Structure formats: C-alpha cells, structure tokens
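Everything on this sheet refers to the single structure shown next.
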Protein chains: 2
Amino acid sequence: MNSEDLCQVYRCLCDLTRLRILNLLGEDALCVCHIQQVLGESQVKISKHLAYLKSHHLVESERRANWMIYRICNTANPILEENLKCLQDLSSEDPVFMADLKRLRATDTSAACCPTAS
Amino acid sequence: MNSEDLCQVYRCLCDLTRLRILNLLGEDALCVCHIQQVLGESQVKISKHLAYLKSHHLVESERRANWMIYRICNTANPILEENLKCLQDLSSEDPVFMADLKRLRATDTSAACCPTAS
DNA sequence: GTCATATATACTCATAAAGGAATATACCTG
DNA sequence: CAGGTATATTCCTTTATGAGTATATATGAC
C-alpha cells in the first residue's frame with residue numbers, strides 16, 4: 001500500500017453509484033440484476049461500475065449459471081476496511097443509503113434469479 | 001453529513017497532489033510558497049489544489065501580510081478525521097509522503113517568508 | 001443447433017478535472 | 001503614488017470520467 005494505491009481507493013469511492021453498490025454489498029453478495037433493481041439504475045451503468053470496482057480489487061465476482069455474483073473482497077487493506085465501516089455507519093443516517101437498504105430487504109435475493117448468493 | 005458529502009470528501013482525497021498537501025498540513029500550518037517548495041510543484045498547481053480543498057472545507061486559510069497560511073480545518077466530520085489519521089499512518093511507510101516530510105523538516109518554515117505560521 | 005436471459009464491451013458524446021501560461025489581485029515598503 | 005513579492009484567477013488544452021445506445025458474449029433450456 002503506497003500513496004498511489006491510496007489515491008486509487010479514493011477514486012473508487014468518489015462516485016455515488018459506486019458507494020451505493022458498496023453499501024448494498026456490505027449487506028450481502030448480490031447479482032448484477034438485483035443491484036440494478038434495488039438502485040433503479042440501468043444495466044450498463046451498474047455493470048460498468050462493478051467492472052471498475054473489480055479492476056481495482058474492491059469487489060470480486062463469481063459466476064453462477066447465468067448470473068454473476070459480486071461480493072466485497074476480503075482485502076488486506078486497512079484503509080479500505082476503515083472506509084467501508086464508515087459507510088456502514090452512515091448507511092443508518094443517510095436517506096439514499098437507507099432507502100437502498102430498505103429496498104434490498106424488500107427484495108427476495110434468494111429467489112427470482114440468483115439462488116442464495118452468499 | 002450525507003452520501004453526497006461523503007462522495008465529495010473522497011473527491012478531495014483522490015488526487016495525489018492534494019494528499020501530499022494534506023500530509024504536510026497534518027504536520028503544521030503552512031504558507032503556499034513552502035508547500036510549493038517542499039513538493040517541488042508549480043505555484044498555480046498548488047494554489048489551485050488549495051482552493052479546491054478550501055472550497056470543500058478541508059482546509060482554511062488566513063492571511064499574514066503577503067502570505068496565506070493554510071491549515072487543516074477543525075472539522076466535525078468523523079470520516080474525514082479518520083482518513084487524515086490513515087494518511088498520517090501511511091506517511092511513515094510511503095516513499096513519497098516520507099520524502100515530503102523529510103524535505104519539510106529540512107525547511108525552516110519559521111523563516112524566509114512566513115513568521116511562525118502555527 | 002436456436003432462443004432467451006444475464007452480463008460485458010465498444011463506441012460515442014458531454015462534462016469535469018488537471019495542468020500550464022499569462023494576468024490580476026492583495027499586501028508591504030518606501 | 002511606484003515597485004516588489006505572494007497568491008489567485010482566467011483562459012486554454014489535454015485527458016479522464018460518466019452515461020447512453022447498440023452490440024457482443026456466456027450460459028442454460030430445449
């Protein structure tokens with residue numbers, strides 16, 4: 001971990017859509033279509049942000065039949081860990097994050113497309 | 001503090017020059033010319049990044065005669081606090097931050113232009 | 001093999017950000 | 001007031017980022 005890596009972590013975190021995705025993934029591993037559905041955003045948008053997060057090792061993915069399940073990496077990066085924790089704290093105060101989590105919980109993530117992702 | 005603010009904090013942090021500036025200001029309040037000198041960057045570049053940090057309330061400035069003294073805001077933002085602390089931890093490991101601090105300590109910040117800034 | 005579904009990628013456009021050169025402003029000295 | 005120094009701002013160019021449309025790929029069902 002050096003200054004460049006640190007910068008890169010912040011680049012990953014400085015987009016609201018990506019923060020919203022990470023907020024969801026903090027709860028559970030999810031497939032693209034569920035993220036898309038909960039956030040109410042287009043497939044391309046979600047897919048591209050996931051690709052971005054993946055390319056910088058914040059998330060990892062695993063194929064299950066037609067679906068790609070994304071989860072937050074088990075990282076050895078303390079700064080990232082710390083910020084994900086902060087995100088979790090804020091998720092109980094911020095209206096956007098709260099609404100997302102509410103919609104997530106109202107969604108049956110084990111049904112429809114993905115079989116129990118986690 | 002909401003999700004938009006959070007995003008904005010990360011935007012401030014996702015540029016290496018700004019991180020280097022914050023790393024220096026973590027040590028002491030400094031005038032523009034000293035930051036410029038220690039980082040070896042142009043006046044415009046430093047000035048613009050400081051303006052950016054100031055516009056988002058990460059730093060504040062105070063004029064002393066010809067000089068503008070910048071310091072990190074006493075903020076009530078826990079996420080920012082946390083990340084500045086992380087920056088400080090990393091500054092003893094990362095070559096860029098370490099070299100900057102070394103040059104800072106070799107600079108007489110109380111002389112030349114600014115009278116004791118802090 | 002075809003078809004449907006889930007996801008990824010390529011291409012394009014619009015906007016933002018970073019940097020440099022030149023210029024403007026603010027302050028001090030005399 | 002003029003002249004010098006420190007800093008800020010404007011203008012311009014280049015590059016990066018985000019979003020949309022269309023298309024491609026991967027998998028499963030048949």
Side-chain angles (χ1 to χ4, degrees), chain A residues 4 7-22 24-25 29-56 58-71 107 109-115 117, chain B residues 3-4 7-21 24-25 29-56 58-71 107 109-115 117:
Chain A
E4 290 284 355
C7 237
Q8 193 51 65
V9 170
Y10 291 133
R11 296 218 160 180
C12 288
L13 298 176
C14 74
D15 177 272
L16 184 55
T17 306
R18 288 195 288 269
L19 286 178
R20 292 175 71 197
I21 291 174
L22 291 171
L24 294 187
L25 294 182
L30 290 168
C31 68
V32 180
C33 58
H34 278 143
I35 299 175
Q36 179 185 343
Q37 194 179 318
V38 170
L39 299 193
E41 300 280 1
S42 73
Q43 185 263 320
V44 213
K45 187 166 168 176
I46 299 299
S47 185
K48 283 202 278 193
H49 281 299
L50 283 168
Y52 187 91
L53 291 172
K54 187 178 175 186
S55 73
H56 296 101
L58 298 223
V59 305
E60 58 194 13
S61 63
E62 172 200 351
R63 181 173 281 278
R64 296 249 182 122
N66 254 332
W67 300 272
M68 291 294 277
I69 313 298
Y70 281 84
R71 74 187 70 246
T107 304
T109 52
S110 66
C113 52
C114 335
Chain B
S3 49
E4 289 285 356
C7 235
Q8 192 51 64
V9 170
Y10 291 134
R11 295 220 162 184
C12 288
L13 298 176
C14 73
D15 176 273
L16 184 54
T17 306
R18 287 196 288 269
L19 285 178
R20 292 175 71 196
I21 291 174
L24 294 187
L25 295 182
L30 290 168
C31 67
V32 180
C33 59
H34 278 144
I35 298 174
Q36 178 185 344
Q37 194 178 318
V38 170
L39 299 192
E41 300 281 0
S42 74
Q43 187 262 321
V44 214
K45 187 168 169 176
I46 298 299
S47 185
K48 282 203 275 195
H49 281 299
L50 283 168
Y52 187 93
L53 290 172
K54 187 178 175 185
S55 73
H56 296 102
L58 297 222
V59 305
E60 58 194 13
S61 63
E62 172 201 353
R63 181 173 282 280
R64 298 251 181 120
N66 256 331
W67 300 271
M68 291 295 275
I69 312 298
Y70 281 85
R71 75 186 69 245
T107 305
T109 52
S110 66
C113 51
C114 335

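Convention: sequence-line order gives letters A, B, ...; per-chain numbering from 1. Fair warning: this is a prediction, and the values are worked out from it, not measured in the lab. Below, each value reflects all heavy atoms present in this structure, side chains not excepted, and no hydrogens, waters or symmetry copies.
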| Does any N or O donor sit under 3.5 Å from an N or O acceptor when you compare the side chain of K48(A) with the base of dG18(D)? | no
| note | Taking for E41(A) and for N66(A) the nucleotide of DNA chain D with the nearest heavy atom, the one nearer the 5' end belongs to E41(A)
| message | Please find the pair of heavy atoms, one from S3(B) and one from L19(A), that lie closest to each other, and give the distance. | response | O-CD1, 4.3 Å
| Rounded to the Å, how far apart are M68(A) CE and dT9(C) C1'? | 13 Å
| said: I need the CD-P distance between E62(A) and dT27(D), as an integer number of Å. | reply: 13 Å
| task | Starting at atom CD1 of I46(A), determine the distance to atom C1' of dA6(C), rounded to an integer number of angstrom. | result | 14 Å
| query | Between R63(B) and dC27(C), is there a side-chain N or O to OP1/OP2 distance below 4.0 Å? | reply | yes
| Looking at the side chain of V44(B), which of dT21(D), dT9(D), dT5(D) is the nearest nucleotide? | dT9(D)
| request: Quickly work out the L50(B) CG to dT9(D) C1' distance and round it to whole Å. | output: 14 Å
| task | Please determine if a side-chain N or O atom of Y52(A) lies less than 4.0 Å away from the OP1 or OP2 oxygen of dT9(C). | result | no
| What residues in residues 7-19 of chain A put a non-hydrogen atom under 4.0 Å from any atom of DNA chain C? | none
| field | Between P of dT7(C) and CD of Q37(A), the distance in whole Å | value | 11 Å
| Side-chain-base donor-acceptor pair under 3.5 Å for Q43(A) and dA8(C) | yes
| request: Taking all non-hydrogen atoms of both residues into account, name the closest pair between Q36(A) and I46(A) and its distance. | output: CA-CG1, 3.8 Å
| said: For dA8(C) and S47(A) - does any side-chain N or O of the residue sit under 4.0 Å from the phosphate oxygens OP1/OP2? | reply: yes
| task | Might you point out which heavy atoms bring L16(A) and C7(B) nearest each other, and give the distance in Å? | result | N-SG, 3.2 Å
| message | Using modelled atom types and a 3.5 Å cut-off, is there a donor and acceptor pairing between side-chain atoms of R18(A) and backbone atoms of R11(A)? | response | yes
| field | Nearest non-hydrogen partners of L13(B) and Y10(A), listed with the distance | value | O-CD1, 3.3 Å
| Separation of atom CG in L53(B) from atom P in dA8(D), rounded to whole Å | 12 Å
| task | Considering just the side-chain nitrogens and oxygens of H49(A), establish if one lies under 4.0 Å of OP1 or OP2 belonging to dA19(D). | result | yes
| remark: K54(A) atom NZ is separated from dT9(C) atom C1', nearest whole Å, by 13 Å
| Closest to the W67(A) side chain: dT27(D), dT7(C), dA6(D)? | dT7(C)
| field | Residues I35(B), L50(B); criterion side-chain contact (heavy atoms from CB on, under 4.5 Å); working and verdict | value | CA-CA 10 Å; I35(B) 298 174; L50(B) 283 168; 4.0 Å; yes
| Side chain K45(B) and base dA18(C) donor-acceptor under 3.5 Å | no
| said: Please confirm whether the shortest side-chain N or O distance from Y70(B) to OP1 or OP2 of dA6(D) is below 4.0 Å. | reply: no
| Atom CD1 of I35(A) to atom P of dA6(C): distance rounded to whole Å? | 14 Å
| field | Non-hydrogen atoms of L24(B) and L39(B) that approach each other most closely | value | CD1-CD2, 3.7 Å
| query | Can you tell which of dG4(D), dG20(D), dT7(D) lies closest to the side chain of S42(A)? | reply | dG20(D)
| task | Over all heavy atoms of both residues, which pair between S61(A) and M68(A) is shortest? Give the atoms and the distance, please. | result | OG-CE, 3.5 Å
